[in-house]
2 protein chains.
Amino acid sequence: MRAHTKPLRESFYVSAAPTVYDVAERSGVSIATVSRVYRNPDAVRAPTRERVLAAARELGYVPSGNARGLASRSTGILGLCFPDYSDPDAEAGEAEDEDPAMLYSDQIIRGMERAARRHGYALLIAASLEGGPESLVAKVAGRVDGFAVLARTVPTEELEVISRRQPVVMLAGPREGDDHLDHLDHVEVANFDGQRELTRHLIEDHGLRRLAYIGSAEESPDVEARFRGYLAACRAGGVEVGDEPDLRVGMMTQAEGARAADVLCARDGERPQALVFANDQMAVGALHTLEQRGLRVPDDVVVTGFDGIPLSRLVRPALTTVRQPMVRLGEAAVDLLVKRLSGARDAEPVSLMLPVTVVRRGSCGCGEGEGGKPGVR
Amino acid sequence: MRAHTKPLRESFYVSAAPTVYDVAERSGVSIATVSRVYRNPDAVRAPTRERVLAAARELGYVPSGNARGLASRSTGILGLCFPDYSDPDAEAGEAEDEDPAMLYSDQIIRGMERAARRHGYALLIAASLEGGPESLVAKVAGRVDGFAVLARTVPTEELEVISRRQPVVMLAGPREGDDHLDHLDHVEVANFDGQRELTRHLIEDHGLRRLAYIGSAEESPDVEARFRGYLAACRAGGVEVGDEPDLRVGMMTQAEGARAADVLCARDGERPQALVFANDQMAVGALHTLEQRGLRVPDDVVVTGFDGIPLSRLVRPALTTVRQPMVRLGEAAVDLLVKRLSGARDAEPVSLMLPVTVVRRGSCGCGEGEGGKPGVR
DNA sequence: TTGAAAGCGCTAACAT
DNA sequence: ATGTTAGCGCTTTCAA
């Protein structure tokens, strides 16, 4: 027996936690048996098991996850790393309701948590916050069996290195052509298809010809893909377009959306028939400002968004948009990780493209039946 | 040097992850130095440090969180355990939007995640799912520096034992009088006060006298506290009440709320002037059904909820309710944990009661100005 | 500033 | 069915 003895104090807060040794000693068995009681109860005779469990209870024994992970090389934990969207506003006041930035990662967290739970994993979530040689990913990577990374949270080089040792799935960011990251599993949503289909709907079903696209100034592969979908539909429909968005805004917020609408609708004669926004936030902002300008949506101008945030359904007119399956994204990530972890370690990298749904509602002139969900009108 | 040598393979997927030994060997230093480079870079001369870092990069070294945690007795992780609210419906279809059951724990997760991040911790979340002698809590407990438990997720006895070794904070469930759990930190919301104040408003400001309370059949201390608040206000206002809710429903869902409204408003002559629901979900359901019955809210009947879910603001008429600071709850939990972890290990147990806010909106006849948030109307 | 060595608490062969 | 014995990969005195 090892010199592992600890004073069995009676005071309430005990400094050192009891270990297998303590439990073993107290119940008169070996540490191996104690371990077995937890890992594989059936391998221990019932009376013995009872004694061990009793001793554990008396001592307040809780197995150390760290020691376990170290010895067994697995943790039962899946991870998620995402950028620190922290937002000055978020500090202040209520922040209770639909904060779009939160929602995005939150939906993914929801999906992952749910799926992880189904597979018996817990979820470790961490937002990148830089610091030292020890980036966040490394911290997470060292503690989980596999993890998902949102978009481009992490230097690809580092990811490349880590992903040699454990499953990593890349979320939402499109796979780069010639990147280091070709061997990662990867899940994205059909940005291109969604925007194309939505645009097609505007052109063909509503007969609109003068569209304006409002994109982002920041480089975002998602937004680019959406824009390309828009272009494709325009060209297919014989609508004349340049190869740049009509406007690029900085933040894709409601405020920017409102401003964009103001700018684009100012030139009265040539006002676009439709404002196609790269996300719902901007579109909602536009709706608001258009109303104030006395322009009716969809009669005077059609507005569309992208994302399918809850708010999009609740504004008036309800927003025609493309719904992204965020929760699914999280679920898919977990499923991929779990698959890798249970055998398929070196299967071919998988790349999933989750389908999106065009949601036709009032802001394009469709969807009378919308908004009829109980309690909301 | 230990027999720790591993073949440096060139194939892409390497089986064993490199360790401090590998890095040490490759950079010609001792493992102690490698460790120092990560834990305390300044204790190592710059050139040495560079060499180590370079070797680490070449090898794809990632420190093992487990080994670290084991050796240093701390993880940098905070935990959250909550009940498995999993919901048959949740499996199906979209589940994208505001699902109240999710929202509840999700808001707390948001709050905790945010606060944890501020303090440099990551968050481990796990929903209880039973299984063997190793309950979820134990699993979480063994992997975090401290954790929060939602309501009565866990047998109190087990919690008692665990909480001797690490900080635990109990969320939302009221502290039992004579429980084992008196030494835990504890955060709840002012259910009693909130419901009392809301009810007082109905009685005194709107002059209502015939109220009906719709509570829950399941035992829930929160709902009980609300009901007691209601009673207190009624009695204070000289309104006659029994000591049981006028109706108790099973699930507190929209459907049940609708049914409750039907039942209570059926008896036409003595229809209540106000339906006071124990949560928003039910109230929203009631709004819907009342509209269909041709009863106008608030003119014919006043409706109120409790929780302050986003939906409450978006229905028409907007719902008068009591807003619970869920995100704050999560933040408070983290703050408490962090405080304990940084010194105050055996300070007196703290019990926080977070204030709630009565939100007066259309459904009680107040709040013309409400709903004016940009983009929502 | 760096190295040597002793654990941290557990799991997993291998014995018995 | 149970015990023995090595580690797992890192941190941390204590020396040098």
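So you know, we letter chains A, B, ... as the sequences are listed, proteins then strands, and number each from 1.
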Inset, instruction - Considering just the side-chain nitrogens and oxygens of A:Thr19, establish if one lies under 4.0 Å of OP1 or OP2 belonging to C:dG9. - result: no
Legend entry - Short side-chain N/O contact from A:Arg73 to OP1 or OP2 of C:dC10, under 4.0 Å: no
Legend entry - Spacing between A:Gln166 atom CD and D:dG9 atom C1', to the nearest angstrom: 15 Å
Inset, instruction - Establish, with yes or no, whether the OP1 or OP2 oxygen of C:dT2 is under 4.0 angstrom from a side-chain nitrogen or oxygen of B:Thr48. - result: yes
Inset, instruction - Figure out the CG/P separation between B:Asn66 and D:dT11, and round it to whole Å. - result: 12 Å
Inset, instruction - Grab the CG-P distance between B:Asp22 and D:dC10 for me, whole Å please. - result: 9 Å
Legend entry - Short N-O contact, A:Arg118 and A:Glu331, less than 4.0 angstrom: yes
Legend entry - Partners passing ring-ring contact (aromatic ring centres under 6.0 Å, His included) against A:Tyr61 (at least two apart in sequence or in another chain): A:Tyr38
Legend entry - side chain to side chain contact (heavy atoms under 4.5 Å, CB included) partners of B:Ser30, counting only residues at least two apart: B:Ala32, B:Thr33
Inset, instruction - Using atom CG of B:Asn40 as one end and atom P of C:dT2 as the other, report the distance to the nearest whole Å. - result: 12 Å
Inset, instruction - Sugar-phosphate means primed atoms, P, OP1 and OP2; the rest is base. With that split, encode nucleotides 11-16 of chain C 5' to 3' as B, S or - using protein heavy atoms under 4.0 Å. - result: BBB---
Legend entry - Closest-nucleotide ordering on DNA chain C, the 5'-leading residue of B:Ser30 and B:Leu70: B:Ser30
Inset, instruction - Indicate the atoms forming the closest heavy-atom contact of A:Ser27 with A:Arg51, along with that distance. - result: O-NH1, 2.7 Å
Inset, instruction - Take atom CZ of A:Arg51 and atom C1' of D:dA1, then tell me their distance rounded to the nearest Å. - result: 12 Å
Inset, instruction - Just jot down the side-chain hydrogen bond (donor to acceptor under 3.5 Å, both in side chains) partners of A:Ser64, sequence neighbours excluded, or say none. - result: none
Inset, instruction - Quick one: list whatever passes side chain to side chain contact (heavy atoms under 4.5 Å, CB included) with A:Asn40, sequence neighbours left out. - result: A:Asp42, A:Ala43
Inset, instruction - Using only side-chain N and O atoms of A:Thr33, determine if any of them is under 4.0 Å from OP1 or OP2 of D:dT2. - result: no
Inset, instruction - Using atom CZ of A:Arg49 as one end and atom C1' of D:dA1 as the other, report the distance to the nearest whole Å. - result: 12 Å
Inset, instruction - Using salt bridge (Lys or Arg N to Asp or Glu O under 4.0 Å) as the criterion, list what pairs up with B:Glu50, not counting sequence neighbours. - result: none
